[in-house]
Number of protein chains: 2
Amino acid sequence: MDGGVNKKPGVTSSQVAGHAGVSQSAVSRTFTPGASISSKTRQKVLASAKELGYRPNAIARSLITNRSRIIAVVMAYLENLFYPDVLEELGRALAAENYHLLLFTGFMDRDSDPVFDQLMQYRVDGIILASTSLSSELSEECATAGIPVVLFNRTTERDAVSSVTTRNREGGKRIADFLVAGGHKSFGYIAGLENSSTNRDRQQGFIEGLAAHGITDVVIETGNYSRIDAETAARKMLSRPDRPEALFVANDHMAVAVMDVARYEFGLNIPQDLSLVGYDDVGPARWTSYGITSMSQPLKRMVEATVDILMDQIASGDIEAEHRILNGDLVVRTSARLPSSGIVERDGQQIYRPRES
Amino acid sequence: MDGGVNKKPGVTSSQVAGHAGVSQSAVSRTFTPGASISSKTRQKVLASAKELGYRPNAIARSLITNRSRIIAVVMAYLENLFYPDVLEELGRALAAENYHLLLFTGFMDRDSDPVFDQLMQYRVDGIILASTSLSSELSEECATAGIPVVLFNRTTERDAVSSVTTRNREGGKRIADFLVAGGHKSFGYIAGLENSSTNRDRQQGFIEGLAAHGITDVVIETGNYSRIDAETAARKMLSRPDRPEALFVANDHMAVAVMDVARYEFGLNIPQDLSLVGYDDVGPARWTSYGITSMSQPLKRMVEATVDILMDQIASGDIEAEHRILNGDLVVRTSARLPSSGIVERDGQQIYRPRES
DNA sequence: GTTCATATTGCATACGTATGCAAATTTGTA
DNA sequence: TACAAATTTGCATACGTATGCAATATGAAC
């Protein structure tokens, strides 16, 4: 243990009790919502608390109540610009429920076991996992301990863990439809991480959507959801003699990089020479220099759903897996050639929504 | 309080003690670094702990030791892409010291008093403030409580709170020198927040730097460190009949927006018609579509310094204010016309470093 | 084997708070 | 005013862990 013993313990509820001339349990009841305390006693306690600078000790309270009011959020990295937005929204939504966000980020190896040990030691009330997974034994442990877990923007093959996602497969298919309707004849896909559910579903949807139009020849490279790897993948794909004229990139974080490579290294005009569609609809996709047509993820609603599941499960003690699947929209901007129909205006945005849907 | 009582308390050290045939205090000593425990007893305890699935209760330990090993990080928003990078790096650096990051974010009004009450209730071991300030009475409370506070990328007029910043004033001056040396004759500055130390210093440096070259006529608009407001400020500034030909924008987050407005709404070529320099050197400044010449903030070193101060003060109990001021470099890219000399190659980047420095 | 210094162990206690429960007080109604 | 019901209060205790301290065990030197 470190040396420093200079952190002062703080004013205790016993000190407030003595000052107010009541018992320690009256002080506690004053600060416990719903507990029985008379107005007169409450005022005395609050006055003393204020005078003494009392702040209840959440650590002690957590020990007694078996409720830390801490939610662990695990995000291996924040580089993908989707996740900072999610994090900010989570901070807001959790604070509104009087929960606090213990963040685990900045670990590169994606192995979350050491992280998991730490958060379990803190007896967190719930866990939100983004961009990382949970082994089945750790999942079991959470179930046994009665701690709700929600996967954010991710699923597992087992349905045992709650999740909030969007219809990535339908999204991929919608993009395929859009590009085909735009008259494109050759197609490429720059993949995310091969072991990620979001990538698998987006890829599958895209491939199936193209196949439904009789197209089976799709060029695929992997970008690992990383800017550097996406640049490499783009260079490889755009160097082919049979270069595809329409690209679906698995997320906007990579799409931005791919567009830079296409324009500045290959001198391609977007969308005249190459159409490009991303996924997530994060900040830079919307910036004028990029204007990426992108499948949106309704971030606020996803966060709402996540916090909703957590709060319900914490309150009820029933932590059976629950899955919320939300719809996004294909937001049309300037990065891809347009179909002749199916584009509607919605909330000040152009949306691709063909007639059959 | 919520209903749910279904969160299981977890295996206790007393249960491990019973299983291993030793006392509870032997179990505790096994898990306390540096405590006296024989090899034989340690093995017995570890075996039992593993078999029972014991995880020490960090909450209970925090109460006893008066050490939560939690550091509160307060960042009002993550929209400015500098801060997600900082956050990720902080997560990494704190985890390396076996501290944990309690994040407060997503509050728009910048009033951190409710946030402060919450974090103090959790008896955090230290506080890092980015993009927000601390009133003098709260600062006093931390000093009295022996809790170290570090302002990240910010200072206050009082020197009472530790801080880690870069030389914003010298940065602004360097930018002025650079733009003057590039042959520019008229200048503008798009400010951040008027009450922020970083903005004040950058602006002051820029103004003084220009004045040293006999230039006193600088057009100023305020962007409030917000993309929307920066766009508005850019439109206003670029609509002037006496439009400046060189712009310093207080941070890259805004510079990206300003560049989009200049190019796509005013049809200006960068840097032929308008030179543009930003600050922070965050991700998008480096992207090829932008290529913003920008004063870099050495983010990793800043985080290191921050964590260094915190760890020292926690360990020693001496929380007298300490100030670390780091140097950045003016990283030259494609957004501004170049001077004829002073540009050197450093670590694969072009740096503006005139002879006198 | 004895002595001395050091390491180890378990007991008892404390940390600051919430809560069960019995006693005391207050409130509402006839 | 009396009585029943509801509210309030303080006492005693527990939560899970670390630690001071006295008792015991161990290791090294003679």
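Atoms considered below: every heavy atom in the structure, side chains included; atoms not considered: hydrogens, waters and symmetry mates.
- If you check residues 44-60 of chain B against DNA chain D, the residues with a heavy atom closer than 4.0 Å are B/Tyr54, B/Pro56, B/Asn57, B/Ala60, listed by number.
- To the nearest angstrom, P of C/dC15 lies 11 Å from CG of B/Asn66.
- Across the protein-nucleic acid pair, B/Arg67 atom CZ and C/dC15 atom P stand 17 Å apart, rounded to whole Å.
- One can place CZ of B/Arg69 at 17 Å from P of D/dT17, the figure rounded to the nearest angstrom.
- Going from atom CZ of A/Phe31 over to atom P of C/dT17 covers 9 Å, rounded to whole Å.
- Between A/Glu141 and A/Thr144, the side chains place no donor N or O within less than 3.5 Å of an acceptor N or O (distance only, hydrogens not considered).
- Protein atom CZ of B/Arg61 is 16 Å distant from nucleotide atom C1' of D/dC15, rounded to whole Å.
- Between B/Ile64 atom CD1 and D/dG20 atom P the separation is 12 Å, expressed in whole Å.
- Of the possible donor and acceptor atoms, one in the side chain of A/His323 sits under 3.5 Å from a partner among the backbone N and O of A/Asp159.
- To the nearest angstrom, P of C/dG16 lies 17 Å from OH of B/Tyr122.
- Checked by atom type, the side-chain pair B/Ser25/B/Ser28 shows no donor-acceptor distance below 3.5 Å.
- Taking the six-membered ring for Trp, A/Phe31 and A/Tyr54 have ring centres closer than 6.0 Å.
- Residue B/Ser25 places a side-chain atom within donor-acceptor reach of the base of C/dG10, judged by atom type and a 3.5 Å distance cut-off alone.
- Between B/Tyr83 and B/Tyr77, the angle of the ring planes goes over 60°, which puts this pair in the perpendicular group of the 30/60° scheme.
- Checked by atom type, the side-chain pair B/Ser196/B/Thr198 shows a donor-acceptor distance below 3.5 Å.
- Among the nucleotides D/dT19, C/dT9, D/dG16, the one closest to any side-chain atom of B/Pro9 is D/dG16.
- Across all strands shown, A/Thr12 has heavy atoms under 4.0 Å from sugar-phosphate atoms exclusively, and none from any base.
- Within the 4.0 angstrom heavy-atom criterion, no nucleotide atom of any strand lies near B/Val27.
- The side chain of A/Leu63 approaches D/dG16 more closely than any other nucleotide in the set C/dT19, D/dG16, D/dT19.
- The separation between B/Ile37 atom CD1 and D/dA18 atom C1' is 13 Å, rounded to whole Å.
- Judged by distance alone, the side chains of B/Gln297 and B/Asn153 do bring a donor and an acceptor atom under 3.5 Å apart.
- For B/Arg29, whose side chain is taken as the heavy atoms from C-beta onward, the closest listed nucleotide among C/dT9, C/dG16, D/dT7 is C/dT9.
- Here the side chain of A/Ser36 is nearest to one of D/dT19, D/dT8, C/dA18, namely D/dT8.
- Looking at heavy-atom distances under 4.0 Å, A/Ser28 makes contact with a base.
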Tabulate atom names and distances for all N/O pairs under 3.5 angstrom spanning the protein and nucleotides 26-28 of chain D.
none

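- With the nearest nucleotide of DNA chain C identified for both B/Lys40 and A/Ser13, B/Lys40 has the one nearer the 5' end.
- Atom CD of B/Glu97 sits about 12.5 Å away from atom CG of B/Asp125, to the nearest 0.5 Å.
- A donor-acceptor pair is defined here as one N or O able to donate and one able to accept, closer than 3.5 Å; such a pair exists between the side chain of B/Thr105 and the backbone of B/Met75.
- Residues B/Gln24 and B/Ser13 have side chains that bring a donor and an acceptor to within less than 3.5 angstrom of each other.
- Set against C/dG10, D/dT17, D/dA14, the side chain of B/Ser14 has D/dT17 as its closest nucleotide.
- Counting only heavy atoms from C-beta on, B/Thr41 has its side chain closest to C/dT9 among C/dT19, C/dT9, D/dT17.
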